[in-house]
Number of protein chains: 2
Amino acid sequence: MTNQPGTLTPPNDGLDAVFAALADPTRRDMVARLTEGDATVTELAEPYDMTIQAVSKHLKVLEDAGVVHRSRDAQRRPVHLEAEVFDLMTAWIERARRRIEARYRRLDDVLAAMDTSDPADQGTDDPQPRRKRPAS
Amino acid sequence: MTNQPGTLTPPNDGLDAVFAALADPTRRDMVARLTEGDATVTELAEPYDMTIQAVSKHLKVLEDAGVVHRSRDAQRRPVHLEAEVFDLMTAWIERARRRIEARYRRLDDVLAAMDTSDPADQGTDDPQPRRKRPAS
DNA sequence: CGTGTAGTCAACTGATTGGTTGAATAGCCG
DNA sequence: CGGCTATTCAACCAATCAGTTGACTACACG
């Protein structure tokens with residue numbers, strides 16, 4: 001099941017995988033580490049209290065999600081952060097945020113219109129919006 | 001195990017939970033739906049081919065992650081999107097992105113310095129950076 | 001050539017997850 | 001009161017996940 005039936009979600013990019021990959025704190029930490037520069041598996045494994053194999057698996061998850069790319073340098077496999085996926089997430093998040101804000105804007109308009117047209121409840125004629133945008 | 005040993009990750013906010021919550025396409029879809037306005041459980045459940053209980057569970061996950069808040073209106077439980085968590089994610093993502101860009105900037109500086117100081121390989125004296133920022 | 005180093009693959013385990021059914025709670029309405 | 005509606009709780013199941021151990025591949029170097 002890649003995508004659910006009745007939905008307003010755009011097709012489905014690897015967003016699932018990206019969010020899932022970044023849901024694990026160890027993985028998020030590795031990504032943080034990788035913003036400082038490429039690293040080998042053993043280098044990445046060093047801070048954690050787990051086997052190299054486990055780290056390798058985490059890396060595979062990140063790679064499958066497209067967060068990371070592993071090249072080859074002799075027996076070493078330098079891990080490189082793929083910056084583009086961040087754009088994918090930011091796009092989703094920002095789209096949601098914009099929709100929320102649009103909704104509040106719409107609501108403000110309605111309330112403002114009511115203020116000026118509704119005969120009752122208007123001592124002053126300044127169209128002060130009641131509802132503020134959520135603290136952002 | 002809330003957080004891993006050797007780490008440069010800031011304490012640990014509910015980021016785990018937020019990313020995990022948004023890793024599920026159904027849940028992401030519900031959030032998208034909620035940007036259009038609050039909704040009851042049954043309303044939210046309508047588009048999906050699954051029991052109300054399953055939807056209720058998804059909602060619980062979103063709530064525990066702080067993505068959503070459920071108030072009470074008689075026997076109905078209107079679900080409301082909590083916009084602030086988006087900031088949390090955006091903050092993490094943008095911090096990572098800035099670090100990557102800082103790194104590239106640093107690299108550019110080094111290369112530029114080599115251009116002006118290295119006696120070989122310098123026909124012109126304009127410190128043109130070789131490496132561009134990753135396509136954003 | 002053999003040995004050490006870097007990494008992956010495979011099989012197993014316990015915990016979590018996404019879904020189910022069935023029963024329980026809570027509040028409106030006749 | 002009794003029933004309908006909206007929602008949750010509890011137990012269960014199959015699949016996935018994060019971790020382990022053990023065996024394997026790939027390469028450098030002496």
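Here the structure is a predicted model, which means the values were calculated and not measured.
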Rounding to a whole Å, what distance do you find between B/Met50:CE and D/dA14:P? 19 Å
Want to settle it: does B/Asp24 or B/Arg76 sit nearer the 5' end of DNA chain C, counting the closest nucleotide to each? B/Asp24
Taking only side-chain N and O atoms of A/Arg77, does any of them lie within less than 4.0 angstrom of OP1 or OP2 on D/dA26? no
Just the rounded figure in Å: distance from P of C/dA6 to CD of A/Gln53. 14 Å
From CZ of A/Arg27 over to C1' of D/dG19, roughly how many Å is that when rounded to an integer? 12 Å
Whole angstrom value for the distance that separates C1' of C/dT17 from CZ of B/Phe19: 20 Å
What residues in residues 54-71 of chain B put a non-hydrogen atom under 4.0 Å from any atom of DNA chain C? B/Ala54, B/Lys57, B/His58
With a 4.0 Å limit, can you tell me whether A/Thr42 has a side-chain N or O closer than that to the phosphate oxygens OP1/OP2 of C/dG7? yes
Flag, side chain of A/Arg103 to backbone of B/Thr35, donor-acceptor distance under 3.5 Å: yes
Quick one: are A/Val18 and A/Trp92 in side-chain contact, heavy atoms under 4.5 Å? no
List the residues meeting side chain to side chain donor-acceptor pair (under 3.5 Å) with B/Thr51, not counting sequence neighbours, and say none if there are none. none
Do we see a donor-acceptor contact under 3.5 Å between the side chains of B/Thr90 and A/Arg97? yes
Using distance only, find each side-chain donor-acceptor pair of residues 56-68 of chain A under 3.5 Å and give its atom names and separation, not counting sequence neighbours.
unit_1	atom_1	unit_2	atom_2	d
A/His58	ND1	A/Arg27	NH1	3.1
A/Lys60	NZ	A/Asp64	OD2	3.0
A/Glu63	OE1	A/Arg70	NH1	2.4

Distance check needed: C/dT17 C1' versus A/Asp16 CG, whole Å only. 14 Å
